[in-house]
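Quick note on labels: first sequence line is chain A, next is B, and so on, each numbered from 1.
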2 protein chains.
Amino acid sequence: MKPDHFEVTSECTAVNEILSRVGDKWTVLVVNYLGNHPMRFNELRRTVSGISQKMLTTTLRGLERDGFVTRTVFPTIPPRVEYELTDLGRELLVPVRALGEWAIENEERVSAARKRFDAARGAAQEPFRPAGSMSEAAE
Amino acid sequence: MKPDHFEVTSECTAVNEILSRVGDKWTVLVVNYLGNHPMRFNELRRTVSGISQKMLTTTLRGLERDGFVTRTVFPTIPPRVEYELTDLGRELLVPVRALGEWAIENEERVSAARKRFDAARGAAQEPFRPAGSMSEAAE
DNA sequence: CGGGATCCGCATGGATACTG
DNA sequence: CAGTATCCATGCGGATCCCG
């Protein structure tokens, strides 16, 4: 596959679906950790650190639904639930980590470009900035 | 790189940043189209089809900010603005399209798993469903 | 321990109107 | 043509409380 031309009609829909799926706030983190070894709910919760149990549940349900992880319940007391990547999940991990490597390698180029852009915009005008998220604002 | 173990501490942050960046509703589409050849604003607008000019502007500004596209203004009347991928943008296109290929190849496996999951949940109980987004609900 | 249910703030994104 | 500005709907994600 060369970087030129790409069937953009319907393929991009699938691409965007996967990227949106995987591009949310926690999915990649969870998948990556699960890629190392199976994990229990609270183990995962502690490891990810910062995630609420609601989002962990939501994320895991989504991954389970799409066939990326399995959820195994051991009916003991207290209950024990283990999450593990499926084959599909491990296969997904490959291109995701490829993109991950790219991200790590080019992190600085991106933030450099970002700094340049923001500096150029700030130098032109703008005595002060009343409000805004931080990345989008009127010029 | 093997699919086992991955430094998850700070790397995942960069990964997730890129994925969130690229995983929004329009970025991939725009980048993919621009990967074919440079394009003007309304040309892009027509090609993407479905995007509002607000979102196209936002998406392009973000891509420009991060150094993925260049914005060239021809001070003619009427004005003419061309958008083109930078080298960084074209490099990004490679892993993104790799993930894209994965997505296309495994689309059916995912939707099959999804159907299975939904069927299993629906068969268990649920006479009717009062409300909800569609992917989250009580069991 | 492993969740479900609910409330709520904030960001994303669509529609519309106006401008150089 | 190529935007900017504004208003508004939806949904993601966090906090809290409760349950088996």
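Contact annotation: Tyr83(B) side-chain N/O to dG3(D) OP1/OP2 distance is under 4.0 Å.
As a whole-Å value, the separation of Arg61(A) CZ from dG4(C) C1' is 10 Å. Distance Asp24(A) CG to dG11(D) P: 16 Å, rounded to the nearest Å. A straight line from CG of Leu56(B) to C1' of dA15(C) spans 16 Å, rounded to a whole angstrom. Separating the CZ atom of Arg21(B) from the C1' atom of dA11(C) is a distance of 15 Å, rounded to the nearest angstrom. Leu44(B) has its CG atom 10 Å from the P atom of dG3(D), to the nearest Å. Separating the CE atom of Met55(B) from the P atom of dT10(D) is a distance of 17 Å, rounded to the nearest angstrom. As a whole-Å value, the separation of Met39(A) CE from dC1(C) P is 15 Å. Straight-line distance from the CZ atom of Arg46(B) to the C1' atom of dC1(D): 10 Å, rounded to whole Å.
Of the possible polar contacts, none joining the Asp66(A) side chain to the Ala113(B) backbone as a donor-acceptor pair under 3.5 Å is found.
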Let's go through Lys25(B) and Ile51(B) carefully: what are the C-alpha distance in whole Å and the side-chain angles of both, what is the deciding distance for side-chain contact (heavy atoms from CB on, under 4.5 Å) to 0.1 Å, and is it a yes or a no? CA-CA 9 Å; Lys25(B) 201 170 180 182; Ile51(B) 193 171; over 6 Å; no

task: Could you give me the CA-CA distance, side-chain angles and deciding distance for Val96(B) and Val31(B), then say whether side-chain contact (heavy atoms from CB on, under 4.5 Å) is met?
output: CA-CA 10 Å; Val96(B) 166; Val31(B) 170; over 6 Å; no

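Between dG2(C), dA2(D), dG13(D), one nucleotide has an atom nearer to the side chain of Arg71(B) than all others, and that is dA2(D). Candidate nucleotides dC1(D), dG13(D), dG3(C) were compared by shortest atom distance to the side chain of Lys54(A), and dG13(D) ranks first. The side chain of Pro79(B) sits closest to dC1(D) out of dG14(C), dC1(C), dC1(D). Relative to the side chain of Arg40(B), the nucleotides dG3(D), dG2(C), dA2(D) differ in distance, and dA2(D) lies closest. Residue Asn42(A) has its side chain nearest to dG2(C) when only dG13(C), dA2(D), dG2(C) are considered.
Two end axes, each from the C1' atoms of five base pairs, can be drawn for the helix from dC1(C)-dG20(D) to dG20(C)-dC1(D); they diverge by 40°, to 10 degrees.
For the pair Asp87(B) and Arg90(B), the salt-bridge criterion is met [side-chain N within less than 4.0 Å of a carboxylate O]. Ion pairing of Arg109(B) with Glu91(A) is present here, as a side-chain N (NZ or NE/NH1/NH2) and a carboxylate O approach within less than 4.0 Å.
Shown here for Gly35(A) and Arg97(A), the closest heavy-atom pair between the two residues is CA-NH2, 4.4 Å.
Not a single donor-acceptor pair, N or O on each side, falls under 3.5 Å between the base of dG14(C) and the side chain of Gln53(B).
Within the model, atoms CH2 of Trp102(B) and CD of Glu107(B) stand 10.5 Å from one another, a figure rounded to the nearest 0.5 Å.
Among the heavy atoms of the strands lying under 4.0 Å from Lys25(B) are primed sugar atoms or P, OP1, OP2 only; no base atom is included. In this structure, Arg45(A) reaches neither bases nor backbone, as no heavy-atom distance under 4.0 Å exists between it and the strands shown.
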